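Numbers here simply count residues along the sequence, with the first being 1. Since this is a predicted model, take the numbers as computed values, not measurements.
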Amino acid sequence: MQNIAEFRIIGRVNKVTEHEKVAKISVAANYNRQEDGEWVTDTHWNEVTLFGRLIERATKIDKGDLIHVTGRVRQNSYDTADGKRYTVELIADGLAVLAKASENHDR
């Protein structure tokens, strides 16, 4: 069996940034937890990288849209003067809009 590292996020879009051959989408996911007997909501921001056909789909997404994005997790490392640094990338392979932020859309 092949080893895999996958992710699934259902959350609201903050922004979509397009570059030459890649797009980045910032998605907020909320987690509830108890603190001193009270429920509080923590918002966790995720930056997801999109390639190929998903870039075109991302151009139709607006701030506040509720999306479902799935993909793989990739860890990278690089050397700096202060030592080795590690990064984790979320690379999308699926993207769907679950709800638009507003029905009054110009598209």
Participant: Hydrophobic clusters join Ile, Leu, Val, Met, Phe, Trp and Tyr when side-chain heavy atoms are under 4.5 Å apart, directly or via other members; which others share one with Y86?
Facilitator: none

Participant: Between D65 (side chain) and K100 (backbone), is there a donor-acceptor pair under 3.5 Å?
Facilitator: no

Participant: Residues two or more places apart in sequence or in another chain: which of them pass side chain to side chain donor-acceptor pair (under 3.5 Å) with T41?
Facilitator: N32

Participant: Which pairs with one or both residues in residues 28-38 pass salt bridge (Lys or Arg N to Asp or Glu O under 4.0 Å), sequence neighbours excluded?
Facilitator: R33-E35, R33-D42

Participant: Could you tell me if the side chain of L90 sits less than 4.5 Å from the side chain of E47, heavy atoms only?
Facilitator: no

Participant: At their closest point, which heavy atom of V69 faces which heavy atom of A92, and how far apart are they?
Facilitator: CG2-CB, 3.7 Å

Participant: So do D62 and V13 actually touch side chain to side chain, heavy atoms under 4.5 Å?
Facilitator: no

Participant: Do H68 and R8 touch side chain to side chain, with heavy atoms closer than 4.5 Å?
Facilitator: yes

Participant: Counting only heavy atoms not in K21 (residues, nucleotides, ligands), do more than 12 fall under 6.0 Å from its NZ?
Facilitator: no

Participant: What's the separation between atom OG1 in T49 and atom CD1 in I55, rounded to the nearest 0.5 Å?
Facilitator: 10.0 Å

Participant: For residues 72-82, tabulate all N or O donor-acceptor pairs below 3.5 Å that involve a side-chain atom, not counting sequence neighbours.
Facilitator:
{"residue": "R74", "atom": "NE", "partner": "E89", "partner atom": "OE1", "Å": "3.3"}
{"residue": "R74", "atom": "NH2", "partner": "E89", "partner atom": "OE1", "Å": "2.6"}
{"residue": "N76", "atom": "ND2", "partner": "E89", "partner atom": "OE1", "Å": "3.1"}
{"residue": "T80", "atom": "OG1", "partner": "D82", "partner atom": "N", "Å": "3.2"}
{"residue": "T80", "atom": "OG1", "partner": "G83", "partner atom": "N", "Å": "3.3"}
{"residue": "T80", "atom": "OG1", "partner": "G83", "partner atom": "O", "Å": "2.7"}

Participant: Between I61 and L95, which heavy-atom pair has the shortest distance, and what is it?
Facilitator: CD1-CD2, 3.6 Å

Participant: List for me each residue that meets side chain to side chain contact (heavy atoms under 4.5 Å, CB included) alongside L66, sequence neighbours excluded, and say none if there are none.
Facilitator: I10, R12, L98, A99

Participant: On a heavy-atom basis, which atom in I9 and which in A29 lie closest, and how many Å separate them?
Facilitator: CG2-CB, 4.3 Å

Participant: Would you say the side chains of K24 and T17 form a donor-acceptor pair under 3.5 Å?
Facilitator: no

Participant: Walk me through it: do F7 and N46 pass the test side chain to side chain contact (heavy atoms under 4.5 Å, CB included)?
Facilitator: CA-CA 11 Å; F7 73 90; N46 303 275; over 6 Å; no

Participant: Are V22 and I25 in one and the same hydrophobic cluster, where Ile, Leu, Val, Met, Phe, Trp and Tyr link if side-chain heavy atoms are under 4.5 Å apart?
Facilitator: no

Participant: Of all residues at least two apart in sequence or in a different chain, which pass the side chain to side chain contact (heavy atoms under 4.5 Å, CB included) check with W45?
Facilitator: N14, S26, A28, T43

Participant: Under a single-linkage definition using a 4.5 Å side-chain heavy-atom cutoff for Ile, Leu, Val, Met, Phe, Trp and Tyr, are L50 and I91 assigned to the same hydrophobic cluster?
Facilitator: no

Participant: Side-chain heavy atoms nearer than 4.5 Å, only ILVMFWY residues, links allowed to pass through others: does that put F51 and V16 together?
Facilitator: no

